Amino acid sequence: MSDDNKDDTGGAADSEEPRKGARGGDGRREEAPRERVIRTPSPARDKELLAEGDISAPAGAGEQLDEASAKRAERVVATFFLLAFAGSVGFIAYYIGWSGRDGGMHGVDRARESNFWLGGMMALSFLALAIGVTIWVRRLMTSKPIIQERHLPAADEETRAGFNEDFMEGAVDSGITKRPLLRRTLLLASAPLGLAPLVLLRDLGPLPEKKLRSTFWAKAVEEAHKQGKKGVRLVVDGTNRPLRVSDFSSPGAMITVLPEGIEEHVPEEQVLTETAKAVTILINVPADEFKPAKGRENWHVNGIVAYSKICTHVGCPAALYEQTTHHILCPCHQSTFDATNAAKVVFGPAARPLPQLPLSVEDGYIVATSDYHEPIGPSFWERG
């Protein structure tokens, strides 16, 4: 059998697949049809896309409003503006009337309640205002094309006059002059938002007056003196165990202490506040390295010295102690105080030393003989 009808690969010579370069009857080479890649436009579509012509919107499109639809949209926008006004008023009313009730905000539940109502009212106000403005722009303003040419930054009189003209035209186009309901409700919704920052200034008050000038140490020492005692005993924070000198005899040791009886003599809702103000660190500084400040020679017990735990920078707990350098460190902003030298500042942003608590011994217990002689905590301008 002859192999003349087969190609070199053994396939049929008369394959149905189109062959490139085949010649027609007139001897000319015929081009095989090209396959189109998926998702590409057809040649006819190419010609359509490349065709020259104006494809912009018809003249005057979007320049006229359907007044009936515009009236409905106007009422919807006004409703949202009134809702924003109600949210702002609710924020101010809750902040003034309820957030500070019963002597202030105490506990996690009250903080959660305050965050829920204040945050919810402000979110409602901003959201309603944003929705109203969005509907205003989408439904009550025309969409005619605006062309702005670039010019030199300096504007001449003609340009400024043109700006004024464009501004007034924009005001008319926005409908703010034509639709008094929108204008009035927008101003009504925005007014409380402008007052909100002023209301929030209430967080800066009331002024502390003399509340920061003394701590519970003063009251506890006064009660101890009435009972004929030398001072109030120091108790360990957490266990309320009175501290003996023999219990704190290791140089380099540090512990947090409080005045005895703070939970018994302070109303329950004020215990945390008074505890935070009276919290004190007790440090056993080696006697040969201790340098008492002038007038404070008898404020320590064999190198055992007490300082306020509240940093004088912004009030963080200065609770880190380096035994080798005898430095008290505040972890918030790295204010560093020298425990051997009246807790003076040696590094960091703190402006003054930690207040020192006068100590003594009575029946083997470490006692405080008076309150701090200066305000504890961050410096404040009312100190005088």
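All of these numbers come straight from a predicted model, not from anything done at the bench.
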Legend entry - Euclidean distance, Ser88 OG relative to Leu124 CG, rounded to 0.5 Å: 8.5 Å
Legend entry - Hydrophobic cluster membership, Leu187 vs Leu140, 4.5 Å side-chain cutoff: no
Inset, instruction - Could you tell me the separation between the CD atom of Glu274 and the CD atom of Glu263, rounded to the nearest 0.5 Å? - result: 12.5 Å
Inset, instruction - Output yes when a side-chain donor or acceptor of Trp217 lies under 3.5 Å from a complementary backbone atom of Ala278, and no otherwise. - result: yes
Inset, instruction - Indicate, with yes or no, if Ile310 and Val314 share a hydrophobic cluster defined by side-chain heavy-atom contacts under 4.5 Å among Ile, Leu, Val, Met, Phe, Trp and Tyr. - result: no
Legend entry - Cysteines Cys316 and Cys311 with SG distance under 2.5 Å: no
Legend entry - Shared hydrophobic cluster, Phe81 / Ile92 (ILVMFWY, side-chain heavy atoms < 4.5 Å): yes
Legend entry - Ser249 (side chain) donor-acceptor with Val245 (main chain) under 3.5 angstrom: no
Legend entry - Arg296, CZ atom: more than 12 neighbouring heavy atoms under 6.0 Å: yes
Legend entry - Short side-chain to backbone donor-acceptor contact, Glu165 and Phe163, under 3.5 Å: no
Inset, instruction - Examine distances only and state if a side-chain atom of Thr280 and a backbone atom of Leu258 form a donor-acceptor pair shorter than 3.5 Å. - result: no
Inset, instruction - Would you sort out whether Asp247 and Arg241 count as a salt bridge (charged side-chain N to carboxylate O under 4.0 Å, His left out), showing the intermediate values? - result: CA-CA 11 Å; Asp247 298 332; Arg241 180 175 60 87; 3.3 Å; yes
Inset, instruction - Classify the angle between the aromatic ring planes of His265 and Phe216 as parallel (below 30°), tilted (30 to 60°) or perpendicular (above 60°). - result: tilted
Inset, instruction - Give a yes or no on whether the backbone of Phe248 and the side-chain of Asn284 come within a donor-acceptor separation of less than 3.5 Å. - result: yes
Legend entry - Residues Lys219, Asp371: salt bridge by 4.0 Å N-O rule: no
Inset, instruction - Could you label the plane-to-plane angle of the Phe290 and His300 rings as parallel, tilted or perpendicular, counting under 30° as parallel and over 60° as perpendicular? - result: tilted
Inset, instruction - For side chain to side chain contact (heavy atoms under 4.5 Å, CB included), just list the numbers for Val235 and Val257, CA-CA rounded to whole Å, side-chain angles, deciding distance to a tenth of an Å, and then say yes or no. - result: CA-CA 5 Å; Val235 297; Val257 295; over 6 Å; no
Legend entry - Flag for Gln270-Thr273: side-chain donor and acceptor within less than 3.5 Å: no
Inset, instruction - For residues Pro286 and His326, report the shortest heavy-atom separation together with the two atoms involved. - result: CD-CE1, 3.5 Å
Inset, instruction - Locate the shortest heavy-atom distance separating Val345 from Arg352; write the atom from each residue and the value. - result: CG2-O, 3.4 Å
Inset, instruction - For Ser360 and Lys230, test the side chains for any donor-to-acceptor distance below 3.5 angstrom and give the result as yes or no. - result: yes
Inset, instruction - Search all heavy atoms of Ser370 against all heavy atoms of His373 and return the closest pair with its distance. - result: OG-NE2, 3.2 Å
Inset, instruction - Measure the OG1-CD1 distance between Thr336 and Ile328 for me, rounded to the nearest 0.5 Å. - result: 10.0 Å
Legend entry - Linked, directly or transitively: Leu188 and Phe126 (ILVMFWY side chains, under 4.5 Å): no
Inset, instruction - Find the distance between CD1 (Ile176) and CZ (Arg184) and round it off to the nearest 0.5 Å. - result: 12.0 Å
Inset, instruction - For Asn341 and Asp338, indicate whether the former's side chain and the latter's backbone hold a donor-acceptor pair under 3.5 Å. - result: no
Inset, instruction - Could you pull out the closest heavy-atom pair between Thr312 and Pro353, with the gap in Å? - result: CG2-O, 3.3 Å
Legend entry - Distance-only polar pair, side chains of Lys309 and Thr256, donor-acceptor under 3.5 Å: yes
Inset, instruction - Looking only at non-hydrogen atoms, find the nearest pair between Ala293 and Ala342 and report the distance. - result: CB-CB, 3.8 Å
Inset, instruction - Take Arg179 and Trp136 through the side chain to side chain contact (heavy atoms under 4.5 Å, CB included) test and state the conclusion after the steps. - result: CA-CA 11 Å; Arg179 305 181 188 278; Trp136 185 342; 5.9 Å; no
Inset, instruction - Search all heavy atoms of Thr340 against all heavy atoms of Glu289 and return the closest pair with its distance. - result: CB-O, 3.4 Å
Inset, instruction - Give a yes or no on whether the backbone of Val367 and the side-chain of Thr369 come within a donor-acceptor separation of less than 3.5 Å. - result: no
Legend entry - Residues Tyr307, Leu357; criterion side chain to side chain contact (heavy atoms under 4.5 Å, CB included); working and verdict: CA-CA 6 Å; Tyr307 299 111; Leu357 187 70; over 6 Å; no
Inset, instruction - Hey, can you tell me if His313 and His333 have their rings parallel, tilted or perpendicular (30° and 60° cut-offs)? - result: perpendicular
Inset, instruction - Let me see the working for Leu234 and Leu359 under side chain to side chain contact (heavy atoms under 4.5 Å, CB included), right down to the final yes or no. - result: CA-CA 9 Å; Leu234 278 62; Leu359 299 180; 4.1 Å; yes
Legend entry - Path from Val236 to Tyr365 over hydrophobic side-chain contacts below 4.5 Å: no
Inset, instruction - State whether the side chain of Thr185 and the backbone N or O of Ala78 hold a donor-acceptor pair below 3.5 Å, judged by distance alone. - result: no
Inset, instruction - Answer yes or no: are there more than 12 heavy-atom neighbours, outside Arg183 itself, under 6.0 Å from its atom CZ? - result: yes
Inset, instruction - Answer yes if the side chains of Ser214 and Tyr372 hold a donor-acceptor pair under 3.5 Å, and no otherwise. - result: no
Legend entry - Reported CD1-to-NZ distance for the pair Ile262 and Lys277, which is rounded to 0.5 angstrom: 9.5 Å
Legend entry - Heavy-atom donor-acceptor pair, Ser125 side chain to Met121 backbone, under 3.5 Å: no
Inset, instruction - Determine whether the aromatic ring centres of Phe337 and His327 lie less than 6.0 Å apart. - result: no
Inset, instruction - Drop me the distance from Asp173's CG to Met141's CE, to the nearest 0.5 angstrom. - result: 5.0 Å
